[in-house]
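Quick note: numbers below take in every heavy atom, side chains included, and nothing from hydrogens, waters or symmetry partners.
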Amino acid sequence: ACEGLADVTEIQASQDVYISMGENRVSVYNQTDFLLCAVDVPDGNDSGMTSYPGAPVIQFDISGLNVTGDDVAVLVLKAASMQTQGDPVMVALMTIGSDWDESSDYTTFLVNILPAWNLVNKNDASAMSSNTDGDSIFAFDVSKKLLDARAEGGNVSFLLEAISNSS
C-alpha cells in the first residue's frame, strides 16, 4: 500500500563554492551565484582562456531537521547551462566533511574532501551517488547520507563531479 504525500521540507543550500583543481592554479571561488563544475581562466600569457575542471561543494544546515529512517531525502539540482563535447555526462555526488564555509582556504577543503577521496580510491561505491539520464536536472537520493550526517552534527556537505568520456 502506498500512502499519500506527507509533509515536504525544502532546505536551501547555506554554503557553496567551486574549487579549481588546475595544475598550477589551485583556487576557491565563492563570488558567484552559480555552482560551477569548471572555470575559465586566462592563460599565463593572456593569449586565451583555459578551462580547469574542479569540484563544486555545497553545504546544508540540517540542525533543525527531524529526520528518521522512514523519511526520503532527495537533493535536486537544475543546470542553468551545460556545455559538453557530445558525450553523455554523469554527475557523481559524495558526502564530505562540513568543517568549512565560503571563506575557507583550499587546505581546509582538502582536509574535508580527503575521506571521500579515500573511499573512492578503495572502489567503495557506497560513497557515491550518480545521475546519468542526460537531462539538465540532477536528482540524488541522499536519505542515508542525511541520516548519517544528522547523527554527527548540524550540517551535511556534498562534493559534485561531472564526468564524461572526453572531459
With a 3.5 Å distance limit and no angle check, can you tell me whether [X] reaches the backbone of [Y] through a side-chain donor-acceptor pair?
X	Y	value
E102	D16	yes
N112	D99	yes
D148	K145	no
S157	I96	no
D101	S104	yes
Q59	W100	yes

Flag side-chain contact, heavy atom, 4.5 Å: [X] against [Y]:
X	Y	answer
I62	V67	no
L93	V142	yes
F140	L160	yes

Identify whether [X] and [Y] are in the same connected component of the hydrophobic contact network (ILVMFWY, side-chain heavy atoms under 4.5 Å).
X	Y	result
I11	L75	yes
I19	V111	no
L114	M94	no

- Contacts of type side-chain contact (heavy atoms from CB on, under 4.5 Å), residue S143, not counting sequence neighbours: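 S143: side-chain contact (heavy atoms from CB on, under 4.5 Å) contacts with V72, A73, D141.
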- Task: Provide the closest heavy-atom pair for N155 versus A149 in the form atom of the first, atom of the second, distance.
- Result: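 Looking at all heavy atoms of both residues, the closest pair is O-CB, 3.9 Å.
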To the nearest 0.5 Å, how far apart are [atom1] in [X] and [atom2] in [Y]?
X	Y	atom1	atom2	result
T95	E152	OG1	CD	9.5 Å
F60	Q15	CZ	CD	11.5 Å
N66	T9	CG	OG1	9.5 Å

- Going by atom types only, do S63 and D61 share a side-chain donor-acceptor pair under 3.5 Å?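 Per modelled atom types, S63 and D61 side chains form a pair under 3.5 Å.
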